[in-house]
Amino acid sequence: MTRLGVNIDHIATIRNARGSTHPDPLVAAKSVIKFGANSVTIHLREDRRHIRDNDVIKICKNKKIPVNLEISLNNRILKIALKNKPNFICLVPENRKEITTEGGLNLFKYKNKVKQIILKFKIKKIRTSIFIDPNVKDVLMASDVKADCIELHTGKISNLIKQKKPYVHELKKIKKCCILAKKIGLEVHAGHGLDYKTSKILSKIKEIEEFNIGHFIIGESIFYGLKNIIKKFKRIIY
Ligand code: PXP
C-alpha cells in the first residue's frame, strides 16, 4: 500500500506568526498519525522559519510518531538530526531566499559530502532519502552515494497540471526515473506541490511507495478538517 507522509511545517508557520505556542506542531504530528497518515515530515531549516529545534526534540521523542526529518547539508543541522534520531531523514537543498524547496539536491556538486552524511545515518539505522529532480543521472548518483530512497521533486509537473499546460513529457520523465530507481534498489517517494489532481495522476505510477504532502493538506484542512483530508488523500494514493 502506498504510504502518505504529511508535512506539518505550516502548523509551525501559523504558530510563529503570533510568536506564541499555538497551534502546536506536536499536537499536529499526533493528530496526523491518529487520522491515518504513515509518517510526519518536518523540515528544520537553517533560518528556522517554521519548525524549531524544540519541535524536533519533542516530536522525535514521541516514539509513536514515525518522523521524517528534512535537513540540508549544514553541519549544525546535521548534528541536531543525528542527536534526535528521527526514523527517516531526507536530504534537501536549501537557499535562504527561496519560498519553499524549489529544486532537487545537486548531487554532482555535493556527492562526497552526501555520501558521508548518509553513512552517518546508516550507522544509526536511520532510513535515508535524497530529494532530487526527476533526472536519470540524479537517480544513478543517488544509488552511488548509497541512499535508501529517492524523493522525486514533483514541483514542475504539479505546476504544469495546475496551469492546464501539457504535462505528459514530465510525467514520462518521472515514470522513467521511478522504473530505473526501483530496478537498482532505491525506494521511490514523491513530493512537492501536490494536490488532489496531481496526486491522482502520479498515483498511477506503481513504483512510487510514498507521497509527502504538506501545504495543500494543511490549507485544505482549514475548510474540511485534517481527518477528512487525510482520509481523502489515502483513498487517492492507494
Ligand atoms: N517533500 C519535500 C522534500 C519538501 O521539501 C516539501 C516541502 O517542504 C514537501 C515534500 C512538501 O511540499 P508541499 O508543501 O508543496 O506539499
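Whatever order the structure lists ligands and atoms in, that order sets their numbers, starting from 1.
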Could you list each nitrogen or oxygen of ligand 1 that sits under 3.5 Å from a protein nitrogen or oxygen, with the atom names and the distance?
unit_1, atom_1, unit_2, atom_2, d
ligand 1, 1 (N), Glu151, OE2, 2.5
ligand 1, 5 (O), Glu70, OE1, 3.0
ligand 1, 5 (O), Thr101, OG1, 3.0
ligand 1, 8 (O), Asn7, ND2, 3.4
ligand 1, 14 (O), His215, N, 2.9
ligand 1, 15 (O), Gly193, N, 2.8
ligand 1, 16 (O), Gly214, N, 2.8

For His10, all residues meeting side chain to side chain contact (heavy atoms under 4.5 Å, CB included), sequence neighbours excluded:
Thr13, His215, Ile218
Does the Asn38 side chain pair with the main chain of Arg3, one donor and one acceptor, at a distance under 3.5 Å?
no
Could you tell me if His43 and Glu94 have a donor-acceptor pair between their side chains, going purely by distance under 3.5 Å?
yes
Output side-chain donor-acceptor pairs under 3.5 Å for residues 167-184, partner residues at least two apart or in another chain, one line each.
unit_1, atom_1, unit_2, atom_2, d
Lys182, NZ, Glu209, OE2, 3.2

Would you list the atom pairs, donor with acceptor, under 3.5 Å between side chains in residues 126-134 and any protein atom, with sequence neighbours excluded?
unit_1, atom_1, unit_2, atom_2, d
Arg127, NH1, Glu210, OE1, 3.4
Arg127, NH2, Glu210, OE1, 3.4
Thr128, OG1, Asp148, N, 3.2
Thr128, OG1, Asp148, OD2, 3.1
Asp133, OD1, Gly104, N, 3.0
Asp133, OD2, Gly104, N, 3.4

Verify same cluster id: Met141, Val136 (apolar side-chain graph, 4.5 Å):
yes
